[in-house]
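Report on the structure given below.
Each residue takes its place number in the sequence, starting with 1.
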Amino acid sequence: MSAQFEYDEQATATAQAPAMVSVTSQIGEHEGEQKPTVLSFKLAVSRYDLASIRMRDDKEILVSFEDASQTLIEYEDIPHNDLVYIFRAVDELRQHLSRSKNVSGLDITIQKHIPFDTHMGGTGAAAAAVLVALAALWGASIAREELTRLAHRVGAGVAEAISGGAVISHVDATEGIITPVLVQAEVAMVLVPAAADLDETEMFEQVRMLRKAHDDGPNRRVLAFEPELVEAVTHGDASQLALMMHNDFQPALVSLLPEHNDWLTAGMDEGALAVQTIDQGPSLLFLAANLSAATELADRFEQRMEISAVAEYGPVAGAHLI
């Protein structure tokens, strides 16, 4: 569908987009200096970043970030990439609609519920919320598939947050491809958001070194998920999913941050069906039988470890107006 826009534009628009959490991640074989392929099975979960956008009568674009309590986040505390993605989202949609810069001034407020640098998709979620809110603000008639194509150009994770639900993400050195998976039920989980100063190159190098030291690991020359894993996600079968969850990044992360072993052990001790780190970051995911069990698990983990934990569920819908 081609994009069009009308001139009965609204004064403000607000959208939200979900966190994206990997329940399984596979890393392909290293080939030379090229970053290996990563295959991830991700769920959109019930934690959202919000974007509220108001038109300006000039061409300035002003962006501010707030925390969940609507307290302004200082500029120096905002990761550079999070700002870059917002401006890139505006620019991509503006160019797609052939809209003049002179009538494209905006005040954009991002309310963060997905903490920075936690590898829970917050950077992509904020940009996805901006795309959806801005499309409404500018009166654009645009298909979600077309918005997803624009999202791929904005940066990693944005298209996933537009799609929401359950997706299989295939990322190699040149492109990212997402494949939506139709699901019929939700699963409950506990998220333990954590941030750490981990360089992506360092993480992949640690994966490579551990594989060289232990040659009895799984064959990752061809990346694929077993049908039983897809079926477990499709039907919300937490018990089966618990048996099949896996993260190829986890051994490398735990070797760099040994205290995470204690966090993972505490999650199992407090009743999680399965525990693991999320993608290549330090955040944790504990799988639970249902949302009530997840809420109780989060409370027990917080009391034991004095670390914030939140009960969530997924998959949920992708970026949408509110």
Side-chain angles (χ1 to χ4, degrees), residues 3 15-22 25 27 34-40 42-45 47-51 53 61 63-65 73 75 77-97 104 106 108-135 140 142 144-165 167-180 195 197-201 203-204 249 278-281 283 318-320:
Q16 66 180 21
M20 299 296 300
V21 173
S22 295
S25 297
I27 306 171
Q34 199 172 59
K35 187 171 74 173
T37 299
V38 177
L39 185 69
S40 302
K42 298 187 176 184
L43 303 183
V45 301
R47 178 150 294 253
Y48 303 89
D49 276 356
L50 281 68
I53 308 180
I61 299 174
V63 180
S64 60
F65 282 71
I73 299 173
Y75 184 81
D77 294 328
I78 302 169
H80 178 68
N81 243 16
D82 288 68
L83 283 167
V84 169
Y85 273 40
I86 300 304
F87 285 103
R88 198 180 290 163
V90 173
D91 198 46
E92 287 289 347
L93 187 59
R94 184 190 61 76
Q95 291 186 53
H96 183 72
L97 299 176
S104 300
L106 303 166
I108 302 174
T109 301
I110 306 298
Q111 189 177 113
K112 291 293 294 180
H113 295 260
I114 308 167
F116 294 126
D117 293 330
T118 53
H119 288 270
M120 290 164 49
T123 303
V130 167
L131 282 173
V132 171
L134 196 51
I142 183 168
R144 184 169 288 267
E145 291 81 3
E146 194 165 8
L147 201 60
T148 300
R149 285 194 290 273
L150 289 179
H152 276 297
R153 296 206 290 268
V154 174
V158 186
E160 295 168 354
I162 292 284
S163 175
V167 299
I168 294 175
S169 169
H170 181 280
V171 179
D172 60 25
T174 60
E175 66 176 347
I177 300 171
I178 62 170
T179 304
D197 187 16
L198 294 172
D199 180 72
E200 181 181 67
T201 302
M203 179 62 69
F204 279 109
F249 286 106
I278 298 174
D279 202 35
Q280 57 186 285
S283 298
H320 58 276

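Rounded to the nearest 0.5 Å, atoms OG1 (Thr37) and CG (Asp172) are 4.5 Å apart. With rounding to the nearest 0.5 Å, the separation of CD1 in Ile73 from CD1 in Ile110 is 10.0 Å. Remark: Met20 CE to Ile278 CD1 distance equals 12.0 Å, nearest 0.5 Å. Note that the OG atom of Ser104 and the CG atom of Leu93 stand 9.5 Å from one another [nearest 0.5 Å]. Rounded to the nearest 0.5 Å, atoms CD1 (Ile114) and CG (Asp49) are 4.0 Å apart. Expressed to the nearest 0.5 Å, how far CG of Leu43 lies from CD of Glu160 amounts to 11.5 Å.
Ring pair Phe249/Phe204: centre-to-centre distance below 6.0 Å.
In terms of heavy-atom proximity, Ser40 sits nearest to Val38 at OG-CG1, 3.6 Å. Taking all atoms of both residues into account, the shortest heavy-atom contact from Pro18 to Ala125 is O-CB, 3.5 Å. Across all their heavy atoms, Ala89 and Ala127 have their closest contact at CB-O, 4.0 Å. Residues Tyr48 and His113 share a closest heavy-atom pair of O-CB, 2.9 Å.
For the pair Ser163 (side chain) and Ala159 (backbone), a donor-acceptor distance under 3.5 Å is absent. The backbone N or O of Gly318 sits less than 3.5 Å from a side-chain atom of His320, completing a donor-acceptor pair. In this structure, Thr118 contributes its side chain and Ser283 its backbone to no donor-acceptor pair below 3.5 Å.
A heavy-atom distance below 4.5 Å is not found between the side chains of Ile27 and Gln280. Contact of the Val63 side chain with the Ile78 side chain is not registered, since no non-hydrogen atoms from C-beta on lie closer than 4.5 Å. Considering only heavy atoms from C-beta on, Ser64 comes within 4.5 Å of Thr109 through its side chain. Counting heavy atoms from C-beta on, the side chains of Val130 and Val154 never come closer than 4.5 Å.
When the shell of 6.0 Å around CG of Asp199 is examined, it contains more than 12 heavy atoms from other residues, nucleotides or ligands.
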Yes or no on side chain to side chain contact (heavy atoms under 4.5 Å, CB included) for Arg47 and Val21, after CA distance, side-chain angles and deciding distance?
CA-CA 10 Å; Arg47 178 150 294 253; Val21 173; over 6 Å; no
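Under the 3.5 Å distance criterion, with hydrogens and angles disregarded, a donor-acceptor pair is assigned to the side chains of His96 and Glu146.
Note on residues 77-90: pairs passing side chain to side chain donor-acceptor pair (under 3.5 Å), not counting sequence neighbours, are Asp82-Thr123.
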